[in-house]
Amino acid sequence: MLAALSSSLFAESFRVSKVHSVSITQETTSEGLARLGINDALAIELPSDQTFIEGLELKMDIPESVAYWMDSVACSVYANIKPVPKPSQIDYSGTRAYVSTLPGKLSWVLQIPTKKENSIKSNKYTTKVDSIITPQNNVIFIRLQPVMKGVPEETSNAIIPITVKPILTNKGMLNINLKSADEKTQNCTLYIDDNVVDINTSKKIMLDTGVHNISIISEAYRNEIRTVRIDQAKITDLTVEMKSIEPTLLITAPEGTKILLDDEVCTNIGKEFQITEGEHKIKFSIGDYEIVRSISAIKGKTYKANFSLALEINEE
């Protein structure tokens, strides 16, 4: 019987008793539960954004009455299902992409890959669908059906709970945004873990989970280095303010201090500001006390000038 079903890889029409539905998201905690009869179907609704979803995992709790009559109920996965599944619709057509009878045990885990590039692997605890099931209208359609005659009524009337959750890629996304005062950042080169990434093509970059080193190199701006942590199925936003390569100066001084920069009164106190490359003179004065210092500014450097009055008391 199973062999006959397995060869049914063409469009077919069928009727179900009822269509159940569950919705899942890209959250790691997303999960849906439906309770199907053995002639029911399940429409699994996926989000429109499936960036992090590489498949679905269905865990079926099989009643003893079904497990005892092994191979009495089949589970099928359909592609190209028509019309769009809804509770009031019982007649459908579609291509059976996978079919298997339920095993003679009380629990069965079926994993359905939805993307060609996935990390899903079969093992003794799970069964992997051997083809890629592309969601149509963001829906994966599952059908249960009896395939053995003469089973007892208890088996025919059995209810099979199915828990559905997404299989998420072990990656996250870095959404990097470069800003600058002149709004021109196209001449920057982005390195992630020493690998060049084309930031002009896309500013959203899929990365393995974990810590990554970010370097932004430019002849027009100062080089910037960041460290980011990428979490599974999460978007990490990183905004980097690109600073001009021109030298800057940060002046701090007590209230009431008169400050002259190159013989001009300076009011930019406590905040970094741009200066020209070359020699500069800073004069601080409070009352009759004054002090003068010089700096030789070069590109790509920030200078800090801190004027303070200190009182020291020593005991001998």
Side-chain angles (χ1 to χ4, degrees), residues 2 5-6 8-9 21-34 36 41-61 74-81 84-85 94-103 105 107-144 162-175 192-193 195 197-198 201-212 228-236:
L2 179 57
L5 289 172
S6 299
S8 184
L9 299 176
S21 66
V22 296
S23 298
I24 63 168
T25 67
Q26 296 194 108
E27 298 296 323
T28 54
T29 57
S30 180
E31 191 173 276
L33 174 64
L36 273 65
L42 175 62
I44 305 170
E45 300 173 4
L46 284 73
S48 56
D49 182 3
Q50 298 164 31
T51 301
F52 302 119
I53 297 177
E54 62 179 27
L56 295 173
E57 180 177 287
L58 281 62
K59 180 179 179 295
M60 302 186 190
D61 295 323
C75 173
S76 301
V77 183
Y78 283 86
N80 306 318
I81 199 72
V84 176
T95 303
R96 196 197 312 257
Y98 173 83
V99 61
S100 175
T101 54
L102 303 191
K105 52 186 180 180
S107 180
W108 184 46
V109 176
L110 179 66
Q111 295 184 323
I112 304 171
T114 57
K115 292 180 180 176
K116 183 177 181 180
E117 294 184 2
N118 64 80
S119 58
I120 305 172
K121 296 181 179 179
S122 295
N123 56 53
K124 62 181 180 179
Y125 304 107
T126 64
T127 300
K128 177 186 176 182
V129 173
D130 53 9
S131 58
I132 308 301
I133 309 298
T134 303
Q136 183 179 2
N137 299 315
N138 300 321
V139 172
I140 296 290
F141 193 83
I142 309 296
R143 176 192 177 195
L144 297 182
I162 302 178
T163 302
V164 182
K165 64 180 183 180
I167 301 174
L168 302 177
T169 179
N170 194 33
K171 294 178 181 290
M173 184 172 287
L174 175 65
N175 181 24
I192 300 180
D193 301 327
N195 297 314
V197 176
D198 187 358
T201 301
S202 175
K203 294 186 177 181
K204 290 186 177 181
I205 305 154
M206 192 77 80
L207 296 172
D208 292 334
T209 57
V211 176
H212 296 270
V228 297
R229 180 177 183 83
I230 301 299
D231 295 320
Q232 184 185 24
K234 300 289 184 182
I235 298 176
T236 299

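Computed from a prediction, not measured in an experiment: that's the story for all the values here. For reference, positions follow the sequence shown, starting with 1.
To the nearest 0.5 Å, atom NZ of residue K165 and atom OG1 of residue T28 are 10.5 Å apart. Separation of atoms CD1 (I162) and CG (L58) is listed at 6.0 Å; rounding is to 0.5 Å. Atoms CG and NZ, on L33 and K59 in that order, are 10.0 Å from each other to the nearest 0.5 Å. The structure places OG1 of T95 at 12.5 Å from CZ of F141, a figure rounded to the nearest 0.5 Å. Remark: I205 CD1 to T236 OG1 distance equals 11.5 Å, nearest 0.5 Å. Taken from CD in E45 to CD1 in I140, the straight-line distance is 12.0 Å, to the nearest 0.5 Å.
Minimum interatomic distance between C75 and L144 (heavy atoms only, all atoms of both residues): CB-CD2, 3.8 Å. Between A34 and V22, the shortest heavy-atom distance links the atoms CB-CG1, 3.9 Å. The two residues V99 and A74 come nearest to each other via the heavy atoms CG2-CB, 4.2 Å. Scanning both residues, L56 and P166, for their nearest heavy atoms gives CD2-CA, 4.2 Å. Nearest heavy atoms, F52 versus Q26: N-OE1, 2.6 Å. Considering every non-hydrogen atom in both R229 and D231, the closest pair reads NE-OD1, 3.6 Å.
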*Run the numbers on E54 and S119 for side-chain hydrogen bond (donor to acceptor under 3.5 Å, both in side chains), then give the verdict.*
CA-CA 8 Å; E54 62 179 27; S119 58; 2.6 Å; yes

_E27 and K234: CA distance, side-chain angles, deciding distance, side-chain contact (heavy atoms from CB on, under 4.5 Å) verdict_ = CA-CA 8 Å; E27 298 296 323; K234 300 289 184 182; 3.3 Å; yes

*asked:* Pair L168, I53 - check side-chain contact (heavy atoms from CB on, under 4.5 Å), show working.
replied: CA-CA 5 Å; L168 302 177; I53 297 177; 3.9 Å; yes

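Looking at Q136, its side chain does come within 3.5 Å of a backbone N or O of I81 through a donor-acceptor pair. Side chain of N137 to main chain of V139: no donor-acceptor pair is present (N/O by atom type, distance under 3.5 Å, no hydrogens or angles).
For the pair I112 and Y98, the minimum side-chain heavy-atom distance is 4.5 Å or more. A 4.5 Å side-chain heavy-atom check between I192 and L174 finds at least one atom pair inside the cut-off. Between T126 and I120, every side-chain heavy-atom pair lies at or beyond the 4.5 Å cut-off. Residues M206 and T51 form a side-chain contact, since some pair of their non-hydrogen atoms from C-beta on lies under 4.5 Å apart. L42 has its side chain within reach of V164: a pair of non-hydrogen atoms, C-beta onward, lies under 4.5 Å apart. By the 4.5 Å heavy-atom criterion applied to side chains, I142 and L36 are not counted as neighbours. Using a 4.5 Å heavy-atom cutoff, the side chains of S100 and T127 are not in contact. For the pair V129 and P113, the minimum side-chain heavy-atom distance is below 4.5 Å.
Ion pair E57/K128 not flagged as a salt bridge, since none of the NZ, NE, NH1 or NH2 atoms sits closer than 4.0 Å to an Asp/Glu carboxylate oxygen.
Every residue was checked against the side-chain hydrogen bond (donor to acceptor under 3.5 Å, both in side chains) condition with K115, not counting sequence neighbours, and none meets it.
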